[in-house]
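Written out below as structure tokens is the structure these notes cover.
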Amino acid sequence: MTIRQRNAPAYRPRAGELVLDRRTGRTGIYMDTIGGEHYLRPEQGGREWTAEPHHVSPVPEPRDSAECDQPR
């Protein structure tokens, strides 16, 4: 992690937004922030987990499969 990344403000998701927990690699629905931790739950339901705000980011846009098939 670079100094710039460490000092950058954490991403602030909206309730109900699908986000990525970069620490675990899991995606989840952002529920709320309590005590400085984001609460996320699996898309298909299940037990919530917590993530530190600097580990949460928007889910990357899926790449178009046509882009992947094109030679470079």
Side-chain angles (χ1 to χ4, degrees):
M1 179 180 291
T2 67
I3 292 173
R4 172 176 265 168
Q5 289 171 321
R6 216 176 346 202
N7 293 332
Y11 175 68
R12 293 182 158 202
R14 296 179 317 274
E17 181 179 349
L18 182 63
V19 296
L20 173 66
D21 178 352
R22 293 187 318 269
R23 182 181 57 85
T24 64
R26 294 171 66 188
T27 58
I29 305 294
Y30 170 76
M31 303 304 290
D32 201 356
T33 299
I34 301 171
E37 291 188 312
H38 289 338
Y39 280 73
L40 311 175
R41 72 172 172 81
E43 294 177 73
Q44 304 302 318
R47 188 178 183 124
E48 287 185 341
W49 77 95
T50 60
E52 294 181 28
H54 64 273
H55 287 148
V56 174
S57 64
V59 173
E61 292 292 323
R63 291 183 53 166
D64 184 16
S65 60
E67 288 178 19
C68 297
D69 294 337
Q70 293 178 358
R72 294 182 182 225

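All values reported here derive from a predicted model rather than from experimental measurement.
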Can you give me the closest heavy-atom contact between [X] and [Y], atom names plus distance?
X     : Y     : result
Val19 : Pro13 : CG1-CB, 3.7 Å
Pro53 : Gly36 : CD-O, 3.2 Å
Met31 : Ala15 : O-CB, 4.1 Å
Leu20 : Pro58 : CB-O, 4.2 Å

Could you give the side-chain donor-acceptor pairs of residues 40-52 under 3.5 Å, partners two or more places apart or in another chain?
from, atom 1, to, atom 2, distance (Å)
Glu43, OE2, Thr27, OG1, 2.9
Trp49, NE1, Asp21, OD2, 2.8
Glu52, OE1, His54, NE2, 3.3

Exercise. Is there a path from Val59 to Ile29 through hydrophobic residues (I, L, V, M, F, W, Y) whose side chains come within less than 4.5 Å of each other?
Worked result: yes

Problem set entry | Summary of ring-ring contact (aromatic ring centres under 6.0 Å, His included) pairs that have at least one residue in residues 22-43, sequence neighbours excluded |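 Applying ring-ring contact (aromatic ring centres under 6.0 Å, His included) to every pair that reaches into residues 22-43, excluding sequence neighbours, yields Tyr30-His38.
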
Exercise. Taking atom CZ of Arg12 as the centre, does the number of heavy atoms from other residues, nucleotides or ligands within less than 6.0 Å exceed 12?
Worked result: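 No.
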
Seminar exercise, completed: Sorted by chain and residue number, the side-chain hydrogen bond (donor to acceptor under 3.5 Å, both in side chains) partners of Glu17 (sequence neighbours excluded) come out as Tyr11

